[in-house]
*Asks:* 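Encoded as structure tokens, here's the structure I'll be asking about.
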Amino acid sequence: MRHRRRAAAAALIGAALIGTAGCGAGKASPAPQPDRASPTPSATPVTGPYVALGDSYTAGLRIPPQGGAPQGCGRSGANYPSLVARQLDLKDFTDVSCSGARTGDLTAAQRTDDGTNPPQLAALGAATRLVTLGIGGNDAGFLDVLGRCAVENVRHSLTGHGDAAPCRAYYTTGAGQGEVQRRMTDTGERLTAALDEVRRRAPQARVLLVGYPALLPQDPTLCAETLGDGISGADIGFVVEQEQQLNGMLRQRAEAAGVAFVDTYAPSTGHDMCEAAGTRWIEPLAAGQGLAPIHPNAQGQQGMAAAVLAALGQQH
């Protein structure tokens, strides 16, 4: 029975990774604290035009109402950019975020299962006054790490050999040694180039780089019901570390580029995918009807919008 449960967990994670990738991670040391205080936001009035760029965590994959072109981007009218635009009464608003986007899709067209999204940075111009960008996770491959953790835990269960944290072992001393660090470094370099290009194309804009909300709790025991024994508690901790590393890298690159970083991790604590429906901001593997696994739901988008508004010095 235990073997079947682990195999089922691996299958669910594998299914969740197909066509729904929207966040990422890597490893560096030491892990930054997710609740590190951001700079005091400016109270300067926010004006448009406003352009939203990013991946599925920005687009609002499968959250109704879905709309925009191409349909394959999974863009929601209730995603955090739309909520921010409405709250600030910004009529000149363009959302070009797209599920599955990587940093390369900011400057090149992105093919989806239903249409092609033009290069996202093409939406920027000298008149642009506000830009939010949520990207980097797909480059760093966080969901790949989560999937690998499920596979390694199944392997450990079937053989009875190996480390109590088989995923951590795979990435630190095994076949995947150094992989997440390389991807993290490469992602950071591409992100720096992307932020420089955003500033070049929209020199008068306020630019905010938006981080990723907490997928898993700090305490692995809180996921016993949601994940069963599909992933060991030690490896849940490893995945948490990877997401913290990702957000730490995003913050560092934002600061180096002179743009604001929006921390969505700290406010999402206690709203991870192992919480009950109505509390969680992130859907679990067995997502609510029609929603995307391991992605924000409508409440998550509302929480991310509140974080962006706070960074802009605006009340929500």
Side-chain angles (χ1 to χ4, degrees), residues 12-13 16 20-25 34-35 38 50 52 54-68 73-88 90 93 95 97-99 132-135 137 142-143 146 208-219 222-227 236 239-240 243-244 246-247 250 261-312 314-316:
L12 280 170
I13 291 176
T20 62
C23 77
D35 58 350
S38 296
Y50 167 30
D55 58 27
S56 58
Y57 272 52
T58 299
L61 179 63
R62 298 188 187 173
I63 298 172
Q66 291 282 291
C73 282
R75 206 174 291 136
S76 171
N79 61 13
Y80 74 78
S82 297
L83 298 176
V84 167
R86 285 199 288 272
Q87 178 71 16
L88 298 179
L90 301 179
F93 165 56
D95 184 0
S97 60
C98 192
S99 295
T132 56
L133 171 61
I135 207 160
F142 180 76
L143 294 187
L146 186 55
L208 288 77
L209 181 64
V210 182
Y212 291 94
L215 272 67
L216 294 165
Q218 299 287 328
D219 182 357
L222 299 178
C223 272
E225 183 176 348
T226 301
L227 296 180
I236 290 174
V239 174
V240 169
E243 187 179 5
Q244 291 179 355
L246 169 65
N247 279 316
L250 295 176
F261 175 75
V262 180
D263 177 14
T264 66
Y265 191 102
S268 64
T269 300
H271 300 283
D272 57 81
M273 70 179 182
C274 295
E275 293 291 338
T279 299
R280 63 179 179 246
W281 290 7
I282 304 294
E283 287 299 303
L285 301 175
Q289 185 175 7
L291 295 176
I294 325 179
H295 278 72
N297 54 29
Q299 286 180 288
Q301 292 292 335
Q302 291 164 14
M304 295 173 78
V308 171
L309 289 166
L312 289 169
Q314 306 297 313
Q315 293 184 347
H316 179 53

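No hydrogens, no waters, no symmetry mates; every other heavy atom, side chains included, goes into these values.
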*Asks:* Is it true that a side-chain atom of Gln66 and a backbone atom of Gly77 form a donor plus acceptor pair closer than 3.5 Å?
*Replies:* no
*Asks:* Backbone N or O of Tyr80 within a donor-acceptor pair of the Gln301 side chain at under 3.5 Å?
*Replies:* yes
*Asks:* Working to the nearest 0.5 angstrom, can you tell me the gap between Glu225 CD and Cys274 SG?
*Replies:* 9.5 Å
*Asks:* Taking all non-hydrogen atoms of both residues, which atom of Met304 and which atom of Val210 are closest, and how far apart?
*Replies:* CE-CG1, 4.3 Å
*Asks:* Is the backbone N or O of Cys223 less than 3.5 Å from a side-chain atom of Thr226, with the two atoms forming a donor-acceptor pair by type?
*Replies:* no
*Asks:* Between Asp95 and Asn79, does a side chain to side chain contact (heavy atoms under 4.5 Å, CB included) hold up when you go through it step by step?
*Replies:* CA-CA 10 Å; Asp95 184 0; Asn79 61 13; 2.8 Å; yes
*Asks:* Grab the two heavy atoms, one from Thr264 and one from Ala307, that are nearest each other, plus how far apart they are.
*Replies:* CG2-CB, 4.1 Å
*Asks:* Is the Tyr57-Tyr212 ring centre distance short of 6.0 angstrom?
*Replies:* yes
*Asks:* State, with a plain yes or no, whether a side-chain heavy atom of Tyr50 is found less than 4.5 Å away from one of Leu88.
*Replies:* no
*Asks:* With distance as the sole test, does Gln302 use its side chain to make a donor-acceptor pair with the main-chain N or O of Gly300 at under 3.5 Å?
*Replies:* no
*Asks:* So, Ser82 side chain and Ala78 main chain: donor-acceptor pair closer than 3.5 Å or not?
*Replies:* no
*Asks:* Under a 3.5 Å cutoff, is there a donor and acceptor pairing between the side chains of Asp263 and Asn247?
*Replies:* no
*Asks:* For the pair Ser76 (side chain) and Ile63 (backbone), establish whether a donor and an acceptor sit closer than 3.5 Å, ignoring hydrogens and angles.
*Replies:* yes
*Asks:* What's the shortest heavy-atom distance between Leu291 and Arg62, and which atoms?
*Replies:* O-NH1, 3.6 Å
*Asks:* What orientation do Trp281 and His271 show, parallel under 30°, tilted 30 to 60°, or perpendicular over 60°?
*Replies:* parallel
*Asks:* Identify the two heavy atoms, one from Cys98 and one from Ala59, that lie closest to each other, and give their separation to 0.1 Å.
*Replies:* N-CB, 4.3 Å
*Asks:* Taking salt bridge (Lys or Arg N to Asp or Glu O under 4.0 Å) as the definition, give me every residue that meets it alongside Glu275, ordered by chain and number, with sequence neighbours left out.
*Replies:* none
*Asks:* Verify side chain to side chain contact (heavy atoms under 4.5 Å, CB included) between Leu133 and Leu208, making sure each step is shown before the conclusion.
*Replies:* CA-CA 6 Å; Leu133 171 61; Leu208 288 77; over 6 Å; no
*Asks:* Whether the Asn297 and Glu283 side chains hold a donor-acceptor pair (N or O, under 3.5 Å, no angle test) is what I'd like checked.
*Replies:* yes
*Asks:* For Ser97 and Cys73, which heavy atoms make the closest approach, and how far apart are they?
*Replies:* O-CB, 3.9 Å
*Asks:* Would you mind reporting whether Pro81 and Thr58 have side-chain heavy atoms less than 4.5 Å apart?
*Replies:* yes
*Asks:* Rounded at 0.5 Å granularity, tell me how far CD1 in Ile236 sits from CG in Leu222.
*Replies:* 9.5 Å
*Asks:* Where do Ile282 and Asp272 land on the side chain to side chain contact (heavy atoms under 4.5 Å, CB included) test, with the steps shown first?
*Replies:* CA-CA 6 Å; Ile282 304 294; Asp272 57 81; 5.7 Å; no
*Asks:* Determine, step by step, whether Val239 and Leu215 satisfy the side chain to side chain contact (heavy atoms under 4.5 Å, CB included) criterion, reporting the C-alpha distance in whole Å, the side-chain angles of both residues, the deciding distance to 0.1 Å, and the verdict.
*Replies:* CA-CA 9 Å; Val239 174; Leu215 272 67; over 6 Å; no
*Asks:* Taking all atoms of both residues into account, what is the closest heavy-atom pair of Val262 and Ala311, and its distance?
*Replies:* CG2-CB, 3.8 Å
*Asks:* Looking at CD of Glu243 and OH of Tyr265, how far apart are the two atoms once the value is rounded to the nearest 0.5 Å?
*Replies:* 5.5 Å
